[in-house]
Amino acid sequence: MSEDTQALVRKLREICGRRYVLADQSKMRAFATGYRSGRGSAAAVVRPATLIEQWRVLQVCVAAKVIVIMQGANTGLTGGSTPNGDYDRPVVILNTMRIRGIHLIRDGTQVVCLPGATLHALERKLRPLGREPHSVIGSSCIGASVLGGICNNSGGALIRRGPAYTELALFARLTGSGRLELINHLGIALEGDPEEILACVEAGDFPDEAVQSGNRAASDRHYGNHVRQIDEPSPARFNADETRLFETSGSAGKVAVFAVRLDTFVSDTNTATFYIGTNDPAELTQLRRHMLATFPSLPIAAEYIHKDAFDIAEVYGKDMFLAIQYLGTDRLPSFFSLKNWVDRTVRRLPFGPQFLSDRVLQGLSRLFPSHLPARIKRYRGLFAHHLILKAGHDAIAATRQYLADVLPSTTGDAFECTEDEARKAFLHRFAVAGAAVRYRAIHARDVEDIVALDIALRRNDRDWFEQLPDALTKPIISSLYYGHFFCHVFHQDYIVAKGHDPEELEERMLDLLDARGAQYPAEHNVGHLYRARPALAAHYRALDPCNAFNPGIGKTSKCAHWQ
């Protein structure tokens, strides 16, 4: 460690305490390794406990002219909050998860969330009010932060709400001359110097009259109409959409966020879920187009699973399914924390087995009987394409009648789920997301890696189901297709056989997607896996002219001042 780095670490420890500033590479590994991909090195990891500590850490890092990588829960899938490769300056990872706080405003119709607030904690806080956040289940189960969703334009399964988005935030940025400034765009009147403002926000110490209305949005208010435009030759939502890039929204760590203000939503209590199976993708196309175009009220969710993803998830997502079923979502973040602790501990051992926790959990899952309802398993035997359709009280009757009019057909059928079947259908769909990762861990000798694509097809695209040429299918052990069907957002995970080049395969896949007019990524941030589109790269440069925050994101320049 150089003398300059030693001096920097000392200053950071004066602010946050020795325990919360890591400088040992083995102790930093968990923070410098992405949830699914990406790994790098850093000069230090610092974990401030307050907004004022976060501000002081930033001041020290700016004075030292080091790179700052802002990090929340590190649950992203594209390595966007961890170092990647070499940089021209030392890197400091600033992890914000100790700064927890959620303040209800306007009788809970809006919230102010601090950097360490998780979606899970927000769900729990809103539940007694009969309200819920932008996203439910999914990433909330693994402790994802609210701010991470905003900064990454995260999507979700809920058709009416669109990407995570706000125009109301409190954040710090570097000017072109390298001066750190605090920007208050929370829409809350706050007075004093930066530390006084930050102390006020952390305490939630603002009277009702200080909370202003204004014209700035705290969610994507237009998405419900936008997704209905089924004949438009563009996707409904994707990361580089210029209409949803606004300061912190889509910033991907190019500014340091202290708080965001968001809308909350009334929880749907009276719902019905329908399980649809077909062997003809066109049947689902017609269903999607008809419901989006003609139904007065949009469904809540429409989640797609292909049969191969169904099969992989049934075996390799079973323990996740059971963990949610028996532990509940309230305990799941603790479950993941324990799993990560076991993995970190084993990695420090000289001969520690790789993927120990995955192997143990996979073995335990085999001891349990089949976890899927009989009717859902029967549909797996009959149909290749599966759709889980959830309707709110204002759309139940119309959905029930429409499905009765068109199904059964020669290629498809549907049934209305019991409460237990509905819950388990959505749990199974959620388990698909981690199934390929578990398969890779268990079959490490046979699997080179996973090519995981997150794509948005055009709203008018009728041929949504991918047909790969033979030359591309040869290296693939299995292809997992699943996604948010009415939004035309799909996750396509390809398990690549040993001895083949995943990066080359990915480039060829992306060429095919370009030819189809698709956009990517759709909702997971470019990270270090995707190249940022021009509009997104321009957003990054405008936010961070010195290129001091998370340089290299979206395969952009890593050099100071974008040299």
Side-chain angles (χ1 to χ4, degrees), residues 34 36-39 77-79 277-282 284-285 304-318 354-355 358-359 362 380-386 411 429 431-458 461-483 485 488-522 524 526-531 555:
R36 178 184 276 180
S37 67
R39 175 182 291 184
L77 302 181
T78 57
T278 182
N279 289 312
D280 183 3
L284 295 185
T285 300
Y304 169 77
I305 313 174
H306 182 256
K307 64 181 180 65
D308 294 339
F310 186 109
D311 292 346
I312 293 285
E314 185 176 9
V315 177
Y316 298 96
K318 185 177 180 179
Q354 195 175 23
F355 306 121
D358 287 288
R359 294 180 182 279
Q362 188 63 33
R380 164 58 193 95
L382 295 172
F383 304 115
H385 306 279
H386 299 243
T411 55
R429 159 62 185 88
V432 176
V437 177
R438 170 60 58 76
Y439 185 99
R440 178 180 62 184
I442 302 301
H443 301 281
R445 293 181 179 179
D446 305 316
V447 177
E448 187 68 37
D449 207 345
I450 300 167
V451 172
L453 300 182
D454 165 35
I455 68 167
L457 297 182
R458 298 168 298 181
D461 200 336
R462 294 172 183 264
D463 297 322
W464 53 271
F465 186 66
E466 182 176 70
Q467 301 291 338
L468 290 175
D470 291 342
L472 289 187
T473 61
K474 288 180 181 178
I476 299 173
I477 295 173
S478 186
S479 300
L480 281 65
Y481 298 108
Y482 55 103
F485 187 65
H488 256 195
V489 167
F490 294 91
H491 305 297
Q492 301 181 174
D493 297 344
Y494 308 94
I495 302 174
V496 183
K498 206 76 171 178
H500 295 275
D501 185 348
E503 291 187 9
E504 179 187 354
L505 180 63
E506 180 175 352
E507 290 299 322
R508 296 174 70 183
M509 295 284 191
L510 296 181
D511 288 341
L512 291 178
L513 292 173
D514 289 338
R516 296 173 66 189
Q519 291 279 355
Y520 49 84
H524 285 163
V526 289
H528 292 286
L529 297 184
Y530 298 93
R531 188 172 302 281
K555 300 187 178 182

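Just so it is clear, the structure is predicted and the values come from calculations on it, not from any experiment. Atoms considered below: every heavy atom in the structure, side chains included; atoms not considered: hydrogens, waters and symmetry mates. Here, residue 1 is the first one in the sequence, and each next residue gets the next number.
The shortest heavy-atom contact between Val451 and Pro502 is CG2-O, 3.4 Å. The two atoms that bring Ala384 and Asn279 nearest to each other are N-OD1, 2.9 Å, heavy atoms only. Among all heavy-atom pairs drawn from Asp308 and Ser479, the shortest one is CB-O, 3.5 Å. Listed here is the closest heavy atom pair of His528 and Gly79: CD2-O, 3.0 Å.
No more than 12 heavy-atom neighbours from other residues, nucleotides or ligands sit within 6.0 angstrom of NZ on Lys474.
Between Tyr520 and Tyr530, the ring planes are tilted. Angles from 30° to 60° get that label. Using the six-membered ring where Trp is involved, Tyr482 and His491 have ring planes that are tilted, between 30° and 60° apart.
Note that the CD1 atom of Ile312 and the NZ atom of Lys307 stand 11.0 Å from one another [nearest 0.5 Å].
Partner of Tyr494 under the side-chain contact (heavy atoms from CB on, under 4.5 Å) criterion, out of Thr473, Asp449, Leu468: Leu468 alone.
Considering only heavy atoms from C-beta on, Leu453 comes within 4.5 Å of Met509 through its side chain.
Residues Asp358 and Tyr316 have side chains that never bring a donor and an acceptor to within less than 3.5 angstrom of each other.
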Side chain to side chain contact (heavy atoms under 4.5 Å, CB included) for Phe465 and Tyr304? Distances and angles first, verdict last. CA-CA 11 Å; Phe465 186 66; Tyr304 169 77; 3.7 Å; yes
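Between His306 and His385, the ring centre distance stays below 6.0 Å.
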